[in-house]
Amino acid sequence: MKAEFDHLYDNGRARRVFQRRLLLAAVVTLVLFAAVIARAAYLQIAQYDYYSALAEQNRTRVIPLPPERGRIFDTRGRVIADNRVTFQVEIIPEQVRDLDDQLQLLKRTLDMTDEELESVTKRIRAGRKFDPVLVKADLSDEEQARLAQLKPWMPGVRVVSSIKREYPYGPLLAHVVGYVGRISANDLADLDPERYRGVQHIGKSGIERQYESHLHGIPGYQVIEVDALGREKRVIETQPPIAGHDLQLTIDVALQGVATAALREYTGAVVVQDPRDGAIRALVSKPSYDPNSFVDGISQAEYNQLLNDPDRPLYNRAITATYPPGSTIKMLMGLAGMELGLIDPDKRMFAGPYYQLPGHDHRYRDWRRGGHGWVDFQDSIARSVDVYYYDLAHRMGIEQMHTFFTLFGLGERTGLDIPNEARGLVPSPEWKARARGEVWYPGETVIAGIGQGYMLATILQLAQMTSMLATDGRIHQPYLVEGQRQGPRQVSLSDPEYWARVQRSMRAVIADQRGTARRIEAPYAIAGKTGTSQVFSVAQDEEYDEEELERRLHDHALFVGYAPYDDPEISVAVIAEHGGSGSGTAAPIARQIMDYWFGVSGHDPIEPEFSAYGD
């Protein structure tokens with residue numbers, strides 16, 4: 001009997017299994033359907049704004065509008081950094097299907113080098129995918145035509161008008177104004193991406209770098225409607241950019257040109273300052289370079305040529321180079337000597353051909369082979385008597401010398417509003433122990449007294465020192481941008497007459513019959529001091545013939561001065577590298593600069609020459 005009902009039992013069990021499975025499938029289906037409904041509700045309600053924005057992006061495109069960079073003018077309103085309209089090609093990475101292929105096509109179309117292509121690739125990797133990246137600027141008509149023909153095959157590539165930085169005076173002002181260059185991958189790490197959206201250049205040196213935030217401006221944007229193929233149909237919204245602020249410098253371009261020309265074939269530097277307020281009227285470093293070469297990216301070959309040039313045109317000799325100041329610091333030595341009670345300016349001393357430290361055999365020679373005989377303080381400046389200052393330095397000591405010189409800004413940055421200013425060096429025993437691990441020797445104090453040895457200064461520092469001497473110790477921080485003037489501070493002496501003593505001695509350098517710069521006497525009264533900066537050492541019993549010595553081993557020629565003597569308007573500091581003689585080379589350069597400033601004409605110009613009256 002049981003066997004007869006087994007098949008009925010199996011059918012019932014199968015039915016129950018089927019019903020359970022059907023129920024499970026129904027539950028799963030219901031759950032999935034509920035999930036779909038919930039997801040749809042979430043996307044359409046909670047995420048409405050997000051997906052609405054995405055849909056809008058499929059219909060529109062936001063184009064950044066870079067601001068026009070502020071222009072730069074000289075003190076008389078001449079444009080020295082300008083902008084001109086040009087065309088450039090950009091690529092927007094997120095709109096490109098195959099970036100590598102697109103870049104290769106651009107390379108062939110624009111005849112780009114591997115180096116240029118690599119630079120573009122690096123900037124794409126470092127930037128945001130939706131920001132345009134500059135491929136090539138300043139396109140020629142032919143390049144624009146090629147790109148127009150290939151436009152259907154170049155999605156994400158566009159040719160746009162742009163503003164290109166231009167420096168109409170080229171090398172003349174390169175070390176002052178500096179230049180802009182393409183934003184590099186390293187720059188991007190330090191920039192605000194919103195403020196620099198669509199911007200391709202940034203200040204790299206000089207005023208362009210120092211005042212980048214002032215010159216840059218604020219970007220704008222355009223919202224463009226596009227069709228399904230990405231073609232632009234109409235402008236929906238425009239937020240115009242805000243241009244950067246203009247700057248006016250204290251530099252006089254014409255004076256800058258005169259100072260540059262006056263240096264002739266010499267490498268060197270000139271700084272002209274207004275001692276009344278600290279304004280820099282000329283700042284020359286020669287040789288120079290053309291800043292226009294850097295705007296669109298200088299080639300590696302051209303850059304290597306500048307780097308390997310033995311005259312170092314990229315090096316700012318006015319503020320970054322440091323030189324032994326030579327005899328130009330003898331006025332400070334004299335002031336310190338009077339202030340410390342070490343010299344009586346009216347007392348005469350015998351200045352023979354050399355000086356010896358007590359108990360030492362070494363002879364510290366004077367520049368004049370036979371010595372100067374009996375001299376007082378004014379004579380020691382006018383004739384640049386080395387022996388006078390060897391003796392004073394020994395009695396003063398390096399510590400007091402260090403303390404006094406730093407009052408006049410030597411060994412410290414002046415604070416000029418331009419990058420890369422050097423500190424110079426006023427040595428001390430502590431400095432030598434720290435920097436060289438050596439003790440200080442008395443002989444090093446002796447040569448420091450005539451601005452040699454470890455003593456180093458920039459030409460800017462010497463110009464500021466001269467302005468202080470001309471104005472009875474008032475220090476104005478030098479500045480290049482109008483409106484940056486700061487109030488002066490004062491170096492005070494126990495007897496104000498000491499200032500007049502130094503000023504009269506500087507006047508005697510030019511006016512005295514035996515003054516080292518007597519040949520630059522002018523229709524206006526000049527006060528100054530010549531100097532030489534030693535390039536290599538000569539043993540105490542050796543001499544050399546300047547005419548036979550290789551030019552690069554000649555001493556550097558220095559001159560500092562101001563005019564007019566009784567009411568100073570300008571201070572000038574000059575170095576002519578390997579010029580040999582401060583009196584024969586550097587002083588005439590300063591005279592030409594002063595002649596232009598005071599409008600002197602109708603006379604034969606005093607030309608620099610390789611000759612010597614001593615310093």
Side-chain angles (χ1 to χ4, degrees), residues 324-357 363-398 400-401 404-405 408 445-453 455 462 465-466 468-470 493 495 497-518 520 526-534 558-562 565 581-583 586-587 612-615:
S327 295
T328 61
I329 54 94
K330 287 177 178 174
M331 294 85 69
L332 294 191
M333 287 293 296
L335 270 180
M338 288 184 283
E339 180 67 14
L340 296 171
L342 298 173
I343 61 171
D344 177 346
D346 294 318
K347 185 177 180 180
R348 300 172 71 81
M349 71 164 281
F350 185 78
Y354 58 85
Y355 175 79
Q356 286 179 286
L357 285 168
R363 296 177 177 180
Y364 299 90
R365 296 181 300 177
D366 197 284
W367 70 264
R368 185 179 177 88
R369 185 178 303 178
H372 298 268
W374 291 96
V375 297
D376 60 14
F377 170 65
Q378 182 165 302
D379 294 330
S380 75
I381 295 293
R383 298 188 230 166
S384 199
V385 181
D386 290 337
V387 167
Y388 190 95
Y389 292 95
Y390 290 148
D391 177 70
L392 176 58
H394 172 61
R395 292 185 291 115
M396 184 182 301
I398 191 64
Q400 292 190 108
M401 195 185 305
F404 197 83
F405 280 19
F408 286 78
T445 301
V446 172
I447 60 174
I450 62 165
Q452 301 289 353
M455 189 83 67
L462 295 183
M465 175 197 77
T466 306
M468 292 179 64
L469 294 173
L493 301 177
D495 186 347
E497 175 63 18
Y498 296 157
W499 297 113
R501 288 278 192 172
V502 168
Q503 292 158 3
R504 288 197 294 270
S505 71
M506 294 177 71
R507 175 66 186 134
V509 170
I510 288 88
D512 193 281
Q513 288 298 311
R514 301 180 70 179
T516 56
R518 58 190 178 275
I520 70 163
I526 303 172
K529 181 71 187 77
T530 57
T532 57
S533 177
Q534 199 171 47
L558 288 155
F559 180 81
V560 298
Y562 64 89
Y565 163 67
S581 164
S583 57
Y613 289 92
D615 268 330

| field | Nearest-0.5 Å distance, CE of residue Met331 to CE of residue Met506 | value | 4.0 Å
| remark: Sorted by chain and number, sequence neighbours left out, ring pair (Phe, Tyr, Trp, His ring centres under 6.0 Å) with Phe404 holds for Phe408
| task | List in chain and number order the residues that pass side-chain contact (heavy atoms from CB on, under 4.5 Å) with Arg348, two or more places apart in sequence or in another chain; answer none if no residue qualifies. | result | Trp374, Asp376, Asp379
| said: Applying side chain to side chain contact (heavy atoms under 4.5 Å, CB included) to Leu469 and Val560, what does each step give before you reach the verdict? | reply: CA-CA 11 Å; Leu469 294 173; Val560 298; over 6 Å; no
| field | Reported CZ-to-CZ distance for the pair Arg518 and Arg383, which is rounded to 0.5 angstrom | value | 10.5 Å
| message | The criterion is side-chain contact (heavy atoms from CB on, under 4.5 Å); which residues satisfy it with Gln400, sequence neighbours excluded? | response | Leu340, Met396
| Residues two or more places apart in sequence or in another chain: which of them pass side-chain hydrogen bond (donor to acceptor under 3.5 Å, both in side chains) with Glu339? | Ser494
| Backbone of Tyr355 reached by a side-chain donor or acceptor of Arg363 within 3.5 Å | no
| said: Using modelled atom types and a 3.5 Å cut-off, is there a donor and acceptor pairing between side-chain atoms of Ser533 and backbone atoms of Pro324? | reply: yes
| query | Do Ile381 and Lys529 have side chains that get closer than 4.5 Å, going by heavy atoms? | reply | yes
| From CE (Met333) to OH (Tyr389), nearest 0.5 Å | 8.0 Å
| With sequence neighbours excluded, what pairs up with Tyr562 under the side-chain hydrogen bond (donor to acceptor under 3.5 Å, both in side chains) test? | none
| Atom CZ of Phe377 and atom CD1 of Ile343: how far apart are they, to the nearest 0.5 Å? | 5.5 Å
| query | By salt bridge (Lys or Arg N to Asp or Glu O under 4.0 Å), which residues pair with Arg504, not counting sequence neighbours? | reply | Glu497
| said: According to side-chain contact (heavy atoms from CB on, under 4.5 Å), who are the partners of Ala351, at least two apart in sequence or on a separate chain? | reply: His372, Val375, Val385, Val387
| task | Check side-chain hydrogen bond (donor to acceptor under 3.5 Å, both in side chains) between Gln503 and all other residues, then give those that pass, not counting sequence neighbours. | result | Asp472
| task | Apply side chain to side chain contact (heavy atoms under 4.5 Å, CB included) to Leu357 and His394, showing your working. | result | CA-CA 8 Å; Leu357 285 168; His394 172 61; 3.2 Å; yes
| request: Write down the atom of Ala587, the atom of Thr530, and the distance for their closest heavy-atom approach. | output: CB-CG2, 4.5 Å
| request: To the nearest 0.5 angstrom, please state how far the OG1 atom of Thr532 sits from the CG atom of Leu558. | output: 7.5 Å
| query | Taking only residues two or more places apart in sequence or in another chain, which ones pass salt bridge (Lys or Arg N to Asp or Glu O under 4.0 Å) with Asp346? | reply | Arg501
| query | Met455 and Phe405: which non-hydrogen atoms are nearest, and at how many Å? | reply | CE-CE2, 3.5 Å
| query | To the nearest 0.5 Å, how far apart are OG1 in Thr466 and CZ in Phe559? | reply | 8.5 Å
| query | With sequence neighbours excluded, what pairs up with Lys330 under the side-chain hydrogen bond (donor to acceptor under 3.5 Å, both in side chains) test? | reply | Ser327, Ser384, Asp386
| remark: When every non-hydrogen atom of Gly528 is compared with those of Val509, the smallest separation belongs to O-CG2, 3.2 Å
